[in-house]
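Reviewing the structure listed below.
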Amino acid sequence: MKVPVTITVNGDAHTVHVDPGRTLLDLVRDDLGLTGTNRGCNQGDCGACTVHLDGRAVNACLVLAVD
């Protein structure tokens with residue numbers, strides 16, 4: 001079952017229906033088409049996928065989109 005997620009990226013609000021296990025990285029790259037967020041190690045070690053989430057830097061590959 002997909003869950004609606006509303007996210008604001010670069011000042012634009014988007015509502016996307018995602019699987020609960022989908023990462024923020026996948027949502028940003030695949031669903032929104034914003035490929036500036038890079039996929040690196042996919043384990044949170046390299047920092048290539050770092051994004052600002054509520055004022056703090058997080059590894060998008062480790063954060064679930066529904067969170």
Pairs under 3.5 angstrom only: tabulate donor-acceptor contacts from the side chains of residues 18-32 to other protein residues two or more places apart or in another chain.
unit_1: Arg22; atom_1: NE; unit_2: Asp31; atom_2: OD2; d: 3.2
unit_1: Arg22; atom_1: NH2; unit_2: Asp31; atom_2: OD1; d: 3.2
unit_1: Thr23; atom_1: OG1; unit_2: Asp26; atom_2: N; d: 3.1
unit_1: Thr23; atom_1: OG1; unit_2: Asp26; atom_2: OD2; d: 3.2
unit_1: Asp26; atom_1: OD1; unit_2: Arg39; atom_2: NH1; d: 3.2
unit_1: Asp26; atom_1: OD1; unit_2: Arg39; atom_2: NH2; d: 3.0
unit_1: Arg29; atom_1: NH1; unit_2: Thr35; atom_2: O; d: 2.9
unit_1: Arg29; atom_1: NH1; unit_2: Thr37; atom_2: O; d: 2.8

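- Cluster annotation: Val66 is not connected to Leu62 through the hydrophobic network of ILVMFWY side chains, with a link wherever side-chain heavy atoms come within less than 4.5 Å.
- The two residues Gly47 and Asn59 make their nearest non-hydrogen contact at CA-OD1, 3.8 Å.
- Applying the salt bridge (Lys or Arg N to Asp or Glu O under 4.0 Å) test to Asp45 and every residue at least two apart in sequence or in another chain returns nothing.
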Name every donor-acceptor pair, under 3.5 Å, that has one atom in a side chain of residues 1-8 and the other anywhere in the protein, sequence neighbours excluded.
unit_1: Thr6; atom_1: OG1; unit_2: Thr15; atom_2: OG1; d: 3.1

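- Enclosure of atom CG in Asp67 by more than 12 non-hydrogen atoms of other residues, nucleotides or ligands within 6.0 angstrom is indicated.
- Across all non-hydrogen atoms, the minimal contact from Cys41 to Gly44 is SG-N, 3.5 Å.
- A distance of 10.5 Å separates CG of Asn10 from NE2 of His52, quoted to the nearest 0.5 Å.
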